[in-house]
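Single-structure report; data block below.
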Amino acid sequence: MLRREFLKFSAMLGSAGLMPTLLGGCTAPPLPGTGKVTTSTTVCNICFWQCAATLYTENGKPWKITGNPGDPHCNGRLCTRGTGGIASYSDPDRLRQPLIRVEQDGKQFFKPVSWDQAFDTIATRMQTIGDRHGKDRIALFSHGGGGKHFQRLLQAFGSHAYAHPSFAQCRGPRETAFGLTYGEGVGSPDRTDMANSRCIVLIGSHIGENLHNSQVQTLTQALEKGATLITVDPRFSVPASKSKHWLPIKPGTDIALLLAWINVIINEDLYDKEYVARYCSGFEQLTAHVQPYNPEWAYLETGLETEQIRTTARTMAQAAPATLIHPGRHVTWYGDDTQRCRAIAILNALLGSWGRPGGFYKQEKVDLPTFPAPKPPGPGEDWMTQVQADYPLVSTGISNVMIDKSVGPDAFFKGWFVYATNLTTTIPGVQQQLEQAAQSLDLVVVIDTMPAEITGYADVVLPECTYLERYDDLRNKAERRPTLALRRPAFTPKYDSKPAWWMAKGLAEKLELGKYFPWQDYAQVLDWQLKQVGTSLKEMEKVGVKTFSRKTPVYFDAGKPVTFNTPSGKIELYSQVLAEVGQDPLPGYIPPQRPPKGYFHLNYGRAAAHTFGRTINNPLLFELMPENCVWVHPAAAAKTGVANGEYVHLKNPQGIQSSPVRVRVTQRIRPDSIFLVHGFGHTDPRLRLAHGAGADDSGLMHNVKIDPVMGGTGMRASFVTLVKSEA
Ligand code: MGD
Ligand code: SF4
């Protein structure tokens with residue numbers, strides 16, 4: 001008998017009464033807007049861009065959600081996904097009450113319990129882990145603001161290990177690379193000054209399909225003003241279709257292109273000499289380093305015409321410093337990602353775009369005091385030196401490494417809290433480790449709104465209410481204009497779901513750590529904070545967003561000295577820090593593996609209607625996009641004998657096969673690659689819309705490349721072939 005069986009549908013429904021009516025919560029109101037309409041301010045949580053919004057109810061029922069016009073972050077507009085957010089509240093498949101894993105007659109299943117029973121179970125197991133192994137042995141995996149409350153709870157208990165997949169599975173390489181080069185990262189929202197750019201270069205960043213709202217808006221503004229767009233992508237993406245230059249690069253060869261661009265810009269004297277002399281160090285080493293990497297060499301690697309490489313380099317230089325080589329967002333590709341991001345950072349420095357209009361601006365946030373409460377004790381020992389010592393430059397948790405360190409009887413971690421992240425599909429190549437960890441961990445708590453697959457590994461499942469039913473922390477993001485935005489409950493939580501702050505406080509009280517949560521409810525915390533900056537909860541409940549004045553300039557002050565937070569105080573083109581830890585101080589190029597005969601590069605990305613796998617079951621968004629399809633070039637389709645509209649399976653060299661997925665034959669993809677929208681292929685039948693819809697890309701990733709600088713998982717090096725479906 002397995003210690004922790006993966007629990008699916010039948011076992012989950014320990015109580016038949018849990019089975020909701022399919023789409024029962026989604027009946028449309030008779031005529032929209034004719035009933036009693038009320039409004040409530042909120043902040044969208046369908047992705048983490050956090051656009052401020054107004055929720056409309058009609059006769060107490062959800063009606064629609066629109067952008068808050070007072071929000072300079074979204075300019076009164078939501079993206080497609082944001083407008084569908086309302087259905088996350090009414091989704092009938094939501095988790096409804098706390099569940100604990102029980103075993104009876106040799107069978108495991110989830111039993112609905114009270115919150116008190118759930119907290120008792122968790123607190124008892126935490127105490128046991130603490131007594132047997134030490135209080136620092138519980139890890140938190142979190143993707144979303146509510147995770148902060150569990151982080152506080154665990155810190156108060158004695159565990160400081162914390163990871164969010166947005167680092168090691170997404171933008172960690174870029175933050176590490178820009179940190180090494182400029183002494184600070186790009187941040188989120190990205191500090192790109194696109195609205196003022198005269199030339200924008202997108203490298204594997206498909207803004208327009210990737211719908212980070214304000215980025216789409218500022219890109220559009222730049223294009224309206226005549227900016228030149230250059231898109232580097234093996235696929236004819238939406239931005240490629242708006243571009244003056246589309247560079248259909250051979251997958252994984254971007255560093256070769258970047259080195260050739262740097263070569264042209266230096267050798268043709270096109271770089272910003274004054275900026276480089278004033279702010280940068282290591283220019284001589286860089287110049288010597290790029291000499292072999294001319295466009296003729298890059299042509300052989302990338303398949304891009306030498307003239308196209310030269311022309312685009314010159315175009316960038318002509319528009320500089322209002323040229324933005326976009327730093328990208330999801331950048332964990334081939335394991336050489338920090339180095340590729342370093343090459344992007346260096347190219348921007350040569351063009352003088354950091355700190356200048358049309359390049360990268362300086363972000364600022366509101367100086368918001370924290371609610372007075374005792375500070376949790378600091379870590380006794382630094383867990384990072386024990387868990388992720390191979391990555392000395394990283395100061396945040398690396399989720400995949402933490403999972404590795406949870407496997408087996410001698411593993412460092414003995415317990416997990418998993419907040420709002422479906423680790424089974426978020427972290428590629430860890431299926432085996434997840435299953436092994438499930439056998440050795442003493443506690444797995446999953447906090448979610450939906451029965452995501454990861455709940456199958458839980459001992460305790462805690463149902464969180466949706467963002468429309470709760471207060472969360474104020475949005476206080478560093479960006480161009482400091483603003484605060486309020487998310488507040490428009491509805492009382494459905495079923496027996498609760499907000500994260502309530503759960504963390506309740507658990508803390510069970511553990512006799514209540515003093516770290518000295519508030520009655522979160523409204524009290526928010527009101528106190530808002531009063532410190534001259535407003536109040538009452539005012540914010542009316543306006544939703546408040547804008548504050550900046551204290552520092554948006555760009556570098558012309559002529560004034562700038563000190564960068566790097567060891568030399570300069571922009572480090574050559575990184576001594578990397579040299580000291582045995583990594584390349586200047587980006588080098590390693591050719592990627594090519595697909596074996598009959599196989600294709602497995603390429604993936606986003607679509608306008610969905611956020612990862614988390615929205616596939618959202619009834620409104622599902623209606624917009626109920627399945628993904630696999631893009632196949634006509635030549636590849638002819639070779640493999642598959643036709644447009646036909647269903648196929650994708651199979652990797654290890655024999656792992658996807659669920660059936662429909663073929664879309666299109667010229668918009670290179671013949672050596674196929675493309676799939678990420679997030680589909682859910683396997684849990686409790687997600688009744690998403691279950692079995694489309695194919696999952698993550699499960700096919702057999703060749704995950706670990707970045708030696710920051711430990712992230714490179715996800716683009718896998719291959720698949722097409723197998724005709726019997727279905
Ligand atoms: P991906 O979605 O991975 O990344 O958005 P992006 O950072 O834009 O898109 C990757 C693009 O890279 C694709 O067009 C693909 O064809 C191209 N590509 C693949 N291989 C290569 C290569 O070797 N070289 C080059 N040059 N290009 C390549 C992710 C971003 O999107 C993130 S991180 C988040 S958290 C948000 N999520 C999200 C969402 O889920 N849905 C929607 N609609 N928008 C989103 N916006 C954000
Ligand atoms: Fe919501 Fe779209 Fe804004 Fe993300 S970008 S917060 S999904 S409106």
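We count ligands from 1, going down the list as the structure has it; atoms in each ligand are counted the same way.
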For atom 6 (S) of ligand 2, closest protein heavy-atom neighbour = Gln50 N, 3.3 Å
remark   = closest protein heavy atom to atom 8 (O) of ligand 1 is His206 ND1, 2.8 Å
query = Can you find a side-chain donor-acceptor pair between Ser88 and Asn618 that sits under 3.5 Å?
reply = no
request  = Tell me, please, which residues at least two apart from Val663 pass side chain to side chain contact (heavy atoms under 4.5 Å, CB included).
outcome  = Val630, Val632, Val642, Val648, Val665
ask   = For Ser237 and ligand 1, does the shortest N/O to N/O distance drop below 3.5 Å?
value = no
query = Is the shortest N/O to N/O distance between Gly204 and ligand 1 below 3.5 Å?
reply = yes
message = Does the plane of the ring in Trp297 sit parallel, tilted or perpendicular to the ring in Tyr589? Use 30° and 60° as the thresholds.
response = perpendicular
ask   = Which residues and atoms, counting only protein N, O or S, are under 2.8 Å from atom 2 (Fe) of ligand 2?
value = Cys79 SG
inquiry  = Just to verify, what does His702 make a side chain to side chain donor-acceptor pair (under 3.5 Å) with, not counting sequence neighbours?
reply    = none
ask   = Cut-off 3.5 Å, side chains only: do Arg594 and His601 have a donor facing an acceptor?
value = yes
task = Could you tell me the residue and atom name of the protein heavy atom closest to atom 25 (C) of ligand 1, and the distance to it rounded to 0.1 Å?
result = Asp254 OD2, 3.4 Å
Ion pair Asp254/Arg340, N-O distance below 4.0 Å = no
remark   = Checking Arg329, Gln363, Glu479, Lys477 against Ser188 for side chain to side chain donor-acceptor pair (under 3.5 Å), the one that qualifies is Arg329
ask   = Heavy atom under 4.0 Å from ligand 1: found in His610's side chain, backbone, both, or neither?
value = backbone
inquiry  = With respect to Pro251, determine whether any N or O atom, backbone or side chain, lies less than 3.5 Å from an N or O atom of ligand 1.
reply    = no
message = Geometry only, no angles: is Glu209 polar-contacting ligand 1 at N/O separations under 3.5 Å?
response = yes
inquiry  = Test of understanding: given a 4.0 Å heavy-atom threshold, classify the contact between Ala607 and ligand 1 as side chain, backbone, both, or neither.
reply    = backbone
task = Report the relative orientation of the aromatic rings in Phe178 and Phe360; use parallel for angles under 30°, tilted for 30 to 60°, perpendicular for over 60°.
result = tilted
ask   = Can you find an N/O atom of Val232 closer than 3.5 Å to an N/O atom of ligand 1?
value = yes
query = Does Tyr334 have Lys705 sitting over its ring (NZ/CZ under 6.0 Å from centre, angle to axis within 45°)?
reply = no
remark   = Check: of Asn210, Thr253, Ile207, Ile669, min heavy-atom distance to atom 5 (O) of ligand 1 comes from Asn210
query = Under 6.0 Å between ring centres, would you say that holds for Trp354 and Tyr361?
reply = no
inquiry  = Just to be sure I'm reading this right: ignoring hydrogens, which of Cys79, Pro234, Cys47 gets closest to atom 28 (C) of ligand 1? Compare them by their nearest heavy atoms.
reply    = Pro234
key: side chain to side chain donor-acceptor pair (under 3.5 Å) assessment of Thr615 paired with Arg81   = CA-CA 8 Å; Thr615 57; Arg81 300 167 295 149; over 6 Å; no
ask   = If we only count N/O pairs under 3.5 Å, is Ile249 in contact with ligand 1?
value = no
query = If we only count N/O pairs under 3.5 Å, is Asp233 in contact with ligand 1?
reply = yes
request  = Could you note down all residue pairs passing side chain to side chain donor-acceptor pair (under 3.5 Å) where residues 709-720 supplies at least one of them, sequence neighbours left out?
outcome  = Gln169-Thr713, Asn603-Arg716
inquiry  = I want to know if ligand 1 touches Cys170 in the polar sense, i.e. an N/O pair below 3.5 angstrom.
reply    = no
Check: Tyr419 ring centroid to His143 ring centroid under 6.0 Å = no
